[in-house]
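Side chains are part of it too, since the values below use all heavy atoms of this structure and drop only hydrogens, waters and symmetry mates.
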Amino acid sequence: MPVELWATDEHRLGLKPVQRRVWAPIGARPIALGHHRFEWLYATAFVAPQSGETVWYLSNGIDKRCFEMMLAAFAREVGAGRDRIILLLLDGAGWHTEPGLAVPEGIRLIYRSRGTPSPGRLSCPSNPYTPELQPAEHLWPLVDEPVANRHFETLDALDSVLDDRCRTLAQDRDLIAANTTFHWWPNSCVVN
């Protein structure tokens with residue numbers, strides 16, 4: 001039976017602008033409008049680095065219940081179950097590690113952790129403070145591109161731009177694979 005390795009992570013974006021450097025004529029200051037307000041949206045990505053396949057969700061918050069709903073929707077969308085097992089690498093965010101987290105059939109969670117894993121919990125021995133080792137973290141600069149140095153009046157306006165961007169990225173598997181596959185990332189394997 002094939003077993004696939006995926007990764008997931010969340011990215012918080014909001015009405016506080018994403019700022020990037022821009023070119024400007026010598027002696028002129030570049031203009032990037034912004035009005036710092038603390039209202040947020042969350043982009044959650046599930047990515048299979050080898051194939052570049054991604055599944056995206058946008059939400060206005062994140063907690064255990066919301067993450068459980070995303071896991072269930074992800075499992076349905078990719079057909080996880082008896083015939084398709086997915087090992088999902090994720091970090092130790094509170095909603096990922098809460099006791100009693102409902103995990104759908106066909107999904108096995110692997111936590112990036114330091115030290116000895118807890119009983120009944122798969123873990124990947126690595127430093128939890130090294131987000132660069134998490135393939136899904138490398139999606140966020142791609143997501144930020146259409147919102148960088150832009151001002152949004154409302155979360156709905158931001159949501160519309162993020163929705164379009166996530167749909168575009170989901171169709172560009174080559175770009176996703178190029179940004180999330182590492183030489184050490186294992187190919188899918190077969191379990192008897």
Side-chain angles (χ1 to χ4, degrees), residues 3-18 36-50 52-78 80 85-145 147-148 155 158-159 162-163 165-166 169-170 176-177 179-182 184-186:
V3 175
E4 300 173 34
L5 186 56
W6 286 61
T8 188
D9 195 40
E10 303 83 18
H11 182 49
R12 185 175 72 175
L13 291 149
L15 300 181
K16 182 177 179 180
V18 173
H36 290 264
R37 290 168 293 150
F38 298 93
E39 296 177 58
W40 308 103
L41 292 175
Y42 291 82
T44 300
F46 294 82
V47 60
Q50 287 294 325
E53 184 178 357
T54 52
V55 177
W56 299 88
Y57 298 101
L58 296 176
S59 61
N60 59 0
I62 190 98
D63 59 15
K64 176 185 173 183
R65 186 173 156 273
C66 182
F67 186 62
E68 288 175 334
M69 291 178 1
M70 284 183 205
L71 278 175
F74 167 68
R76 280 191 308 274
E77 189 161 337
V78 299
I85 303 295
I86 294 177
L87 300 177
L88 185 61
L89 179 68
L90 51 132
D91 59 23
W95 49 88
H96 295 163
T97 59
E98 282 194 37
L101 181 69
V103 180
E105 183 180 2
I107 304 287
R108 305 291 183 274
L109 304 180
I110 301 175
Y111 295 90
R112 289 183 53 239
S113 66
R114 172 186 276 168
T116 307
S118 302
R121 189 170 146 177
L122 295 173
S123 75
C124 175
S126 68
N127 187 337
Y129 307 106
T130 53
E132 65 276 5
L133 297 178
Q134 163 59 293
E137 287 276 354
H138 294 263
L139 296 170
W140 307 139
L142 301 173
V143 171
D144 288 350
E145 280 184 24
V147 300
L155 283 179
L158 175 63
D159 182 68
L162 289 176
D163 183 56
R165 182 62 178 166
C166 291
L169 289 172
I176 298 298
N179 281 274
T180 60
T181 305
F182 306 115
W184 49 264
W185 188 259

Sorted by chain and residue number, the side chain to side chain donor-acceptor pair (under 3.5 Å) partners of Asp63 (sequence neighbours excluded) come out as none
Is there side-chain contact between Ile85 and Arg108, with heavy atoms separated by less than 4.5 Å?
yes
Only counting residues at least two apart or in another chain, list the ones meeting salt bridge (Lys or Arg N to Asp or Glu O under 4.0 Å) with Glu53.
Arg84
Do Trp6 and Leu87 come within less than 4.5 Å of each other through their side chains, counting heavy atoms only?
no
Any donor-acceptor pair under 3.5 Å from Thr8 side chain to Ala45 backbone:
yes
Report yes if the side chains of Met70 and Ser59 come closer than 4.5 Å at any heavy-atom pair, otherwise no.
yes
Say you draw a straight line from NE2 of His11 to CG of Leu162; how long is it, rounded to the nearest 0.5 Å?
8.0 Å
Once the angle between the rings of Phe67 and Phe46 is folded into 0 to 90°, is it parallel (under 30°), tilted (30 to 60°) or perpendicular (over 60°)?
parallel
Go through the structure and list residues passing salt bridge (Lys or Arg N to Asp or Glu O under 4.0 Å) with Asp159, not counting sequence neighbours.
none
How many angstroms lie between CG in Asp144 and CG in Leu139, if you round to the nearest 0.5 Å?
11.0 Å
Going by the rule side chain to side chain donor-acceptor pair (under 3.5 Å), which residues pair with Asp9 if we only count those two or more places apart in sequence or in a different chain?
Trp140
Where the side chain of Thr44 meets the backbone of Glu10, is there a donor-acceptor pair that is under 3.5 Å apart?
no
Residues passing the ring-ring contact (aromatic ring centres under 6.0 Å, His included) test with Tyr42, sequence neighbours excluded, are none
Going by side-chain contact (heavy atoms from CB on, under 4.5 Å), name the residues that satisfy it together with Glu68, two or more places apart in sequence or in a different chain.
Lys64, Leu101, Ala102
Residue set satisfying side-chain contact (heavy atoms from CB on, under 4.5 Å) with Cys166, at least two apart, ordered chain then number -> Trp56, Leu58
